[in-house]
Structures are given as structure tokens and as C-alpha cells.
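Working notes, beginning with the structure itself.
Model, not experiment: these values are computed from the prediction. Only this structure's heavy atoms are used, side chains among them; waters, hydrogens and symmetry mates stay out.
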Amino acid sequence: MITRYALFEGKVKEGKTDAFRKAVIERILPKWKEFPHATDVRVCFAESRDEGAPEYPMILAVNYPSLQAVEAALASPARTEARTATEAVLAEFFDGRIHHHVTLANEYVV
């Protein structure tokens, strides 16, 4: 299994935490779930961070069966729709950026 992470680097705007979480669940997650070949889509909201550590208030992860499936998902129209929905939520509730990372660390060979 291959996981593609979107690390939300930055912070939620003052007083917008609940609205940000709701927007992620209602406006972002459904779009990411439309990516072709996605086997699992999940989000983790950070409640706190270590002093001096980078701010990752949210990590969104999508699992795929292979690297080829990731490439197909990124080439699909679903990517544009997910990006548009995500950027709208960021502009409204978030100060920061998204850093994408693909890992093979959880690839299992049987």
C-alpha cells in the first residue's frame, strides 16, 4: 500500500478551529475520496505540538494499492476538484500551506 499525505503546515485562524474542522469533513474529504483507486481516506487533527516543532494542525492521508494508482489519481480531474475545494477552505480558515508527501514506508509485500 502507498500513502500520499497532505500535511497542513501552519495554523488555523484565530477562533476558526471548529469551522475549519467542519469544512474539512464536509468540503475537502468528500473530494479526496473521489480520487480514482483511493482505498482509504482519513484525516488527523493535531491537538498540540512540541515546542519548536513544525506546525501540522492537520494530516490528510490517502492510501493507494500502488504507485501507478497514485499517478493515475494525480492525473485525473478529481485532483483539480480536490485542489479547488481545499484551497477555498485554506483561504477561509487557515494561515499556511499544504505539503504533499508520498511514502512507500507502509508498502507490504506478501
Side-chain angles (χ1 to χ4, degrees):
M1 187 166 35
I2 310 297
T3 302
R4 183 169 188 263
Y5 293 99
L7 307 176
F8 283 55
E9 300 176 319
K11 60 184 179 179
V12 179
K13 293 176 182 176
E14 189 73 30
K16 300 285 187 177
T17 301
D18 291 339
F20 174 67
R21 289 178 184 221
K22 183 176 184 200
V24 167
I25 292 166
E26 294 178 357
R27 294 164 45 190
I28 293 178
L29 276 181
K31 295 298 183 186
W32 286 64
K33 288 180 178 180
E34 292 174 8
F35 272 45
H37 311 294
T39 59
D40 182 40
V41 180
R42 62 201 179 282
V43 65
C44 175
F45 294 101
E47 299 298 333
S48 62
R49 66 179 185 88
D50 294 333
E51 186 65 32
E55 290 184 270
Y56 294 135
M58 190 178 91
I59 299 172
L60 193 143
V62 184
N63 286 348
Y64 298 95
S66 68
L67 195 53
Q68 291 79 16
V70 174
E71 291 168 355
L74 296 180
S76 76
R79 181 181 191 186
T80 301
E81 293 179 21
R83 172 177 268 167
T84 300
T86 302
E87 288 174 351
V89 169
L90 291 182
E92 191 173 348
F93 301 108
F94 193 77
D95 288 320
R97 69 184 187 102
I98 298 177
H99 169 70
H100 295 281
H101 176 68
V102 176
T103 181
L104 306 178
N106 62 346
E107 181 176 20
Y108 301 99
V109 178
V110 183

Spell out, as yes or no, whether a donor-acceptor pair under 3.5 Å connects the side chain of Thr86 to the backbone of Ile28.
-> no
Quick one: side-chain contact (heavy atoms from CB on, under 4.5 Å) partners of His101, sequence neighbours excluded?
-> Tyr5, His99, Thr103
Taking the side chain as every heavy atom from C-beta outward, state whether Phe35 and Val41 have any atom pair closer than 4.5 Å.
-> no
Between side-chain atoms of residues 71-82 and protein atoms elsewhere (two or more places apart, or another chain), which donor-acceptor pairs fall under 3.5 Å?
unit_1, atom_1, unit_2, atom_2, d
Ser76, OG, Ala73, O, 2.8
Ser76, OG, Ala78, N, 3.3

Which atom pair, heavy atoms only, marks the closest approach of Ile2 to Ser66?
-> CG1-C, 3.5 Å
Any chance you could measure Leu29, atom CG, to Leu60, atom CG, to the nearest 0.5 Å?
-> 5.5 Å
Measure across Phe93 and Ala19 and return the closest heavy-atom pair with its distance rounded to 0.1 Å.
-> CE2-CB, 3.3 Å
Between Val43 and Trp32, does a side chain to side chain contact (heavy atoms under 4.5 Å, CB included) hold up when you go through it step by step?
-> CA-CA 11 Å; Val43 65; Trp32 286 64; over 6 Å; no
Give, for atom CZ of Phe20 and atom CG of Leu90, the distance between the pair rounded to the nearest 0.5 Å.
-> 6.5 Å
Step through the shown structure and confirm whether more than 12 heavy atoms of other residues, nucleotides or ligands are within 6.0 Å of NZ on Lys22.
-> no
Going from NZ on Lys11 to OG1 on Thr17, what distance comes out if it is rounded to the nearest 0.5 angstrom?
-> 11.0 Å
Would you call the rings of Phe8 and Phe94 parallel, tilted or perpendicular, where under 30° means parallel and over 60° means perpendicular?
-> perpendicular
Stepwise side chain to side chain contact (heavy atoms under 4.5 Å, CB included) test for Thr3 and Arg42 = CA-CA 11 Å; Thr3 302; Arg42 62 201 179 282; 4.3 Å; yes
Name all pairs fulfilling the salt bridge (Lys or Arg N to Asp or Glu O under 4.0 Å) condition that reach into residues 83-92, sequence neighbours left out, sorted by first residue then second.
-> Arg27-Glu92, Arg83-Glu87
What pair of heavy atoms forms the shortest contact from Tyr64 to Arg4, and how long is it?
-> CE1-CB, 4.0 Å
